[in-house]
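As a basis for the values below, the full set of heavy atoms in this structure was taken, side chains included, without hydrogen atoms, waters or symmetry mates. Numbering starts at 1 and runs along the sequence shown.
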Amino acid sequence: MIWANPPEFVSQYEAKMVRPMAVAQENRIQAFKDVPNFRENGLDVVFKFYRGVVAPPDLPADVVAYYESMMKKLNDTQAWKENYLAKYILSPGWQGHKEFTKTIADSEVVFEETLKGLGLIK
């Protein structure tokens with residue numbers, strides 16, 4: 001059993017060496033359209049993997065705006081959509097720096113609560 005991003009196991013899936021049991025997204029993944037999500041299996045589990053760019057917190061606003069604009073332009077290209085997202089079976093989800101900062105903070109709370117619940121941290 002593994003918990004993985006699709007590109008981490010797709011070659012084994014294609015070779016019929018593994019069988020996905022469920023996906024942890026709100027909806028099914030098109031590449032695995034016959035694989036239900038956890039909610040369809042009666043479990044309220046949604047987990048989002050995210051990728052992002054981070055920088056020191058004291059960057060000047062104009063520098064943040066420059067890099068955010070550059071990353072947004074990249075995100076909107078067909079090449080990004082086809083050669084990265086589609087190729088690696090990843091879901092799109094652009095966030096600017098304010099939204100992404102909140103996503104990270106919210107995720108830290110969930111991880112901390114989960115690890116405390118498992119008795120792995122105090």
request  = Check step by step if side chain to side chain contact (heavy atoms under 4.5 Å, CB included) holds for Tyr66 and Asp62.
outcome  = CA-CA 6 Å; Tyr66 170 80; Asp62 62 325; over 6 Å; no
inquiry  = side chain to side chain contact (heavy atoms under 4.5 Å, CB included), that's the test. Do Asp44 and Arg39 meet it? Break it down for me.
reply    = CA-CA 5 Å; Asp44 189 19; Arg39 286 184 175 159; 3.0 Å; yes
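For Leu74 against Trp80, the heavy-atom pair with the smallest separation is O-CB, 3.2 Å. Among all heavy-atom pairs drawn from Met71 and Val53, the shortest one is CE-CG2, 3.8 Å. Heavy-atom minimum distance, Glu82 versus Ala86: O-CB, 3.6 Å. Closest non-hydrogen pair, Ala22 versus Asn37, comes out as CB-C, 4.3 Å. Nearest approach of Trp94 to Asn75, heavy atoms of both residues: CB-ND2, 3.6 Å.
The local environment of OH in Tyr50 is crowded, with over 12 non-hydrogen atoms from other residues, nucleotides or ligands closer than 6.0 Å. Within a 6.0 Å radius of NZ in Lys102, no more than 12 heavy atoms belonging to other residues, nucleotides or ligands are found. For NZ of Lys72, the number of neighbouring non-hydrogen atoms (other residues, nucleotides, ligands) closer than 6.0 Å is greater than 12.
For the atom pair Asn27 CG and Glu40 CD, the distance stands at 8.5 Å (nearest 0.5 Å). In this structure, the separation between CD on Glu26 and NZ on Lys48 is 5.0 Å, given to the nearest 0.5 Å. Here CD of Gln95 is found 10.5 Å from CD of Glu68. Values are rounded to the nearest 0.5 Å. We find the OG-CZ distance between Ser107 and Phe47 to be 7.0 Å, quoted to the nearest 0.5 Å. Rounding to the nearest 0.5 Å gives a distance of 15.0 Å between CZ of Phe111 and NZ of Lys116. Note that the CD atom of Glu113 and the CG atom of Leu118 stand 12.0 Å from one another [nearest 0.5 Å].
Contact of the Phe38 side chain with the Val46 side chain is not registered, since no non-hydrogen atoms from C-beta on lie closer than 4.5 Å.
Residues Ile89 and Tyr84 fall into different hydrophobic clusters, defined by Ile, Leu, Val, Met, Phe, Trp and Tyr side chains chained together at heavy-atom separations under 4.5 Å. Linking ILVMFWY side-chain heavy atoms closer than 4.5 Å, directly or via other members, places Val63 and Val54 in two distinct hydrophobic clusters. A continuous path of Ile, Leu, Val, Met, Phe, Trp and Tyr side chains, each step under 4.5 Å between heavy atoms, connects Val18 with Ile29, placing both in one hydrophobic cluster. Residues Leu90 and Phe9 do not share a hydrophobic cluster, defined by chaining ILVMFWY side chains whose heavy atoms lie under 4.5 Å apart. Transitive grouping of hydrophobic side chains (ILVMFWY, heavy atoms separated by less than 4.5 Å) brings Tyr67 and Val64 into a common cluster.
Formation of a donor-acceptor pair under 3.5 Å by the Thr101 side chain with backbone atoms of His97 is found in this model. Checked by atom type and distance alone, the side chain of Glu99 pairs as donor or acceptor with a backbone atom of Gly96 at under 3.5 Å.
Trp3 and Phe49 have tilted rings, their planes meeting at an angle from 30° to 60° on a 0 to 90° scale.
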